[in-house]
J.: 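Following this message is one structure expressed as structure tokens.
Quick caveat: nothing in here was measured; it's all calculated off a predicted structure. Counting starts at 1 for both ligands and their atoms, following the listed order.
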Amino acid sequence: MSAILTRRRLITGAALGAGGLLAGCDKLGENEGFRKILFSADAMNRHAQRLLTDREALAREFDQSDLSPFFRGNGSQNPQDPNYQAHAAANFSDWRVAIDGLVSRPETLSMAQIRSMPQRTQITRHDCVEGWSAIGKWTGVPLKMLLDQAGLRDGARYIVFHCADDSGGGTQYYESIDLIDAFHPQTIMAWALNDAVLPIRNGAPLRLRVERHLGYKHAKYVQRIEAVASLDGIGLGKGGFWEDRAGYEWYAGI
Ligand SMILES: Nc1nc2c(c(=O)[nH]1)N[C@H]1C(S)=C(S)[C@@H](COP(=O)(O)O)O[C@H]1N2
Ligand SMILES: [Mo]
């Protein structure tokens, strides 16, 4: 990223903090005193800032005409767990999503409640490490909305997704992300794919979309969202089902 872009982002951040004075960005940037403050950081800090800025960037969004004709499934595609099967038979009318852990107001939401919150729709490309990609249109509630409603407590550093499918050896799938990804504007809990209710194959009734990451981070069949201080107590400690079993990187940024 160019120095100018990085600087813009810094200024934008500062201006937003002061109440969204976006129009004032360039003027502030031209002001020598202000620039000195911006550029006084040592090399390490500049590096950290650049990483942070990159992590906040949006994933590319595509057009309707780019949609893959079929969005294939991968991993679990029809969970056989009796509890899940019973919910599927009832069209997930009684499905509940718990939001708990390090939050001030733990809650349990129905799908109707989740769908009644503000929604976001995005057309993005999904990349699986196994070597395939697909473009799909996802609709869901921004994870930020759910976390703000529950109120993260001091010390919360990761968000863990607990899934309903036994992914092998009696262990249900799980994944985790940090708070930068959790609050990223394109991080949504999706219940619709291509303007239709999410198919079981793709994670009904609710799955994570975390668009700057590889496919395995996108937990399907989510039944619990937990805020934690550390990943030590989650699974075998590496933060995800495949991280714990196949050496996949916890940070799967793309
Ligand atoms: N609960 C659960 N989530 C999961 C998986 C899984 O097996 N179980 N597979 C992961 C992998 S490897 C990929 S590529 C995507 C596939 O999503 P899709 O089935 O919608 O294509 O889901 C991810 N999330
Ligand atoms: Mo994958």
J.: May I ask you to identify the nearest protein heavy atom to atom 15 (C) of ligand 1, giving residue, atom name and distance to one decimal place in Å?
T.: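 Checked against all protein heavy atoms, atom 15 (C) of ligand 1 sits closest to Gly215 O, 3.6 Å.
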J.: For the pair Trp132 and His126, name the ring-plane relationship: parallel under 30°, tilted 30 to 60°, perpendicular over 60°.
T.: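 Parallel: the ring planes of Trp132 and His126 meet at under 30°.
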J.: Heavy atoms only, cut-off 4.0 Å: how does Tyr173 contact ligand 1, side chain, backbone, both, or neither?
T.: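 The side chain, only.
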J.: Under 3.5 Å, is there a donor-acceptor pair between the Ser93 and Asn91 side chains?
T.: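 No.
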J.: Within a distance under 4.0 Å of any heavy atom of Gly75, pick out the atoms of ligand 1 and give their elements.
T.: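 Every atom of ligand 1 under 4.0 Å from some heavy atom of Gly75: 7 (O).
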J.: Under 4.0 Å from a heavy atom of Tyr221: which atoms of ligand 1 are those, numbered in the order shown and with their elements?
T.: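 Per the distance check, 1 (N).
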J.: Using ring pair (Phe, Tyr, Trp, His ring centres under 6.0 Å), reason through Tyr216 and Tyr248 one step at a time and then give a plain yes or no.
T.: CA-CA 9 Å; Tyr216 61 88; Tyr248 284 19; 4.6 Å; yes
J.: Who's the nearest protein heavy-atom neighbour of atom 14 (S) of ligand 1, and how far?
T.: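 For atom 14 (S) of ligand 1, the nearest protein heavy atom comes out as His126 NE2, 3.2 Å.
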J.: What atoms of ligand 1 come closer than 4.0 angstrom to any heavy atom of Cys128?
T.: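 By the 4.0 Å cutoff, the relevant atoms are 14 (S).
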J.: For atom 17 (O) of ligand 1, what's the nearest protein heavy-atom neighbour? Residue, atom name and distance, please.
T.: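 Residue, atom and distance for the closest contact: Arg207 NH2, 3.1 Å.
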J.: Provide, to 0.1 Å, the distance between atom 19 (O) of ligand 1 and the closest protein heavy atom, together with that atom's residue and name.
T.: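 The closest one turns out to be Lys220 NZ, 2.5 Å.
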J.: Are any of the side-chain nitrogens in Arg105 or Asp148 under 4.0 Å away from the carboxylate oxygens of its partner?
T.: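 No salt bridge links Arg105 with Asp148.
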J.: Looking at ligand 1, would Gln172 count as a contact under a 4.0 Å heavy-atom criterion?
T.: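 Per 4.0 Å heavy-atom rule, Gln172 does not contact ligand 1.
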J.: Return yes or no for this condition: an N or O of His218 is under 3.5 Å from an N or O of ligand 1.
T.: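 Yes, His218 has an N/O under 3.5 Å of an N/O on ligand 1.
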J.: Suppose we measure from atom 8 (N) of ligand 1 to each protein heavy atom; which comes out shortest, and what is that distance?
T.: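 For atom 8 (N) of ligand 1, the nearest protein heavy atom comes out as Asp165 OD2, 2.8 Å.
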J.: Taking the ring centre of each residue, are Tyr221 and Trp95 less than 6.0 Å apart?
T.: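 Centroid separation for Tyr221 and Trp95: 6.0 Å or greater.
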J.: May I ask whether Trp132 places a heavy atom under 4.0 Å from ligand 1?
T.: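 Trp132: in contact with ligand 1 (<4.0 Å).
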J.: Within the structure, is a non-hydrogen atom of Trp242 found at a distance of less than 4.0 Å from ligand 1?
T.: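 Contact absent.
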J.: Among all the protein's non-hydrogen atoms, which is closest to atom 20 (O) of ligand 1, and how far away is it?
T.: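 Checking every protein heavy atom, the shortest distance to atom 20 (O) of ligand 1 gives Asn202 ND2, 2.9 Å.
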J.: Closer than 4.0 Å to some heavy atom of Arg201 - which atoms of ligand 1 meet that?
T.: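 Under 4.0 Å from Arg201, ligand 1 has these atoms: 19 (O).
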J.: Taking only residues two or more places apart in sequence or in another chain, which ones pass salt bridge (Lys or Arg N to Asp or Glu O under 4.0 Å) with Asp66?
T.: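 Residues passing salt bridge (Lys or Arg N to Asp or Glu O under 4.0 Å) with Asp66: none at all.
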J.: What part of Cys163, side chain, backbone, both or neither, has a heavy atom within less than 4.0 angstrom of ligand 1?
T.: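 For Cys163, the contact with ligand 1 is made by the side chain alone.
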J.: Which residues pass the side-chain hydrogen bond (donor to acceptor under 3.5 Å, both in side chains) test with Glu61, sequence neighbours left out?
T.: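 Expected list: Arg120, Gln186.
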